[in-house]
Amino acid sequence: MTFINREHEALQAWKNSTITLVALDGNNVVGLVRALSDKKITTYIAEIIVDINYRGKGIGKALLEVCHDLYPSTRFDLLSSEDSDEFYKNNKFRIFTGFRKSTNK
């Protein structure tokens, strides 16, 4: 289950995040990023989403650049779906093995 299916929890997660940015085209949300940071060493990108009709236009890259501008001394850690790998490789991320455990809710 993702935050998309959990409206109440998603709102609380958004409020508790260190970084919350939205990309707009007029009044339409076309991208967003939510991140957690200790502000010194690590910034964890919890979600980054760009509307499929706006991909390839630099929106995701711009959202990540703003995050990095906010905390320039931190590294970024994130989980990615396989179909997003090329985006991260093109933006100088390296593959890093990790683990995840989700609740059974």
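Heavy-atom basis, side chains included; hydrogens, waters and symmetry copies ignored.
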J.: Which salt bridge (Lys or Arg N to Asp or Glu O under 4.0 Å) pairs, counting each pair once, include a residue from residues 61-77, with sequence neighbours left out?
T.: R75-D77
J.: Verify whether one side chain among S17 and R34 offers a donor that lies under 3.5 Å from an acceptor in the other.
T.: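 Yes, because at least one side-chain N or O of S17 sits under 3.5 Å from a partner of the opposite role on R34.
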J.: Going by salt bridge (Lys or Arg N to Asp or Glu O under 4.0 Å), name the residues that satisfy it together with K39, two or more places apart in sequence or in a different chain.
T.: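 Salt bridge (Lys or Arg N to Asp or Glu O under 4.0 Å) list for K39, sorted by chain: empty.
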J.: Other than I52, which residues form its hydrophobic cluster under the rule that side-chain heavy atoms must be closer than 4.5 Å?
T.: none
J.: Flag yes if more than 12 heavy atoms outside I41 fall under 6.0 Å of its CD1 atom; otherwise flag no.
T.: no
J.: Parallel, tilted or perpendicular, judged at 30° and 60°: which one describes the rings of F93 and F76?
T.: tilted
J.: Is there a side chain to side chain donor-acceptor pair (under 3.5 Å) between T18 and S37? Walk through the geometry before answering.
T.: CA-CA 6 Å; T18 314; S37 184; 5.6 Å; no
J.: According to a hydrophobic-cluster definition based on side-chain heavy atoms being under 4.5 Å apart (Ile, Leu, Val, Met, Phe, Trp, Tyr only), do Y54 and V33 belong together?
T.: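 Yes, it is one cluster - the side chains of Y54 and V33 are joined through contacts under 4.5 Å.
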J.: Is it the case that one hydrophobic cluster holds both W14 and V29, taking links as side-chain heavy atoms less than 4.5 Å apart, direct or via other members?
T.: yes
J.: Would you say N28's side chain and V30's backbone share a donor-acceptor pair under 3.5 angstrom?
T.: no
J.: Does L32 share a hydrophobic cluster with L78, counting links as ILVMFWY side-chain heavy atoms below 4.5 Å and allowing steps through other members?
T.: no
J.: Out of curiosity, does Y88 fall in the hydrophobic cluster containing V50 (side-chain heavy atoms, cut-off under 4.5 Å, transitive links)?
T.: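 Same cluster: V50 reaches Y88 through Ile, Leu, Val, Met, Phe, Trp or Tyr contacts under 4.5 Å.
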J.: How long is the span from the CG atom in L63 to the CD1 atom in I48, to the nearest 0.5 Å?
T.: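 It is 5.0 Å, given to the nearest 0.5 Å.
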J.: Closest heavy-atom contact between L24 and G26?
T.: CB-O, 3.7 Å
J.: Looking only at heavy atoms, what is the nearest atom pair of F87 and L64, with distance?
T.: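 Here F87 and L64 meet closest at CE2-CD1, 3.7 Å.
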J.: List the steps, then state whether side-chain contact (heavy atoms from CB on, under 4.5 Å) holds for T42 with Y71.
T.: CA-CA 9 Å; T42 304; Y71 304 110; over 6 Å; no
J.: Same hydrophobic cluster for I45 and V66, using side-chain heavy-atom links shorter than 4.5 Å among ILVMFWY?
T.: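 Looking at the clustering, V66 is in the same group as I45.
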J.: Return the minimal non-hydrogen interatomic distance between G31 and I59, and the atom names on each side.
T.: CA-CG2, 4.4 Å
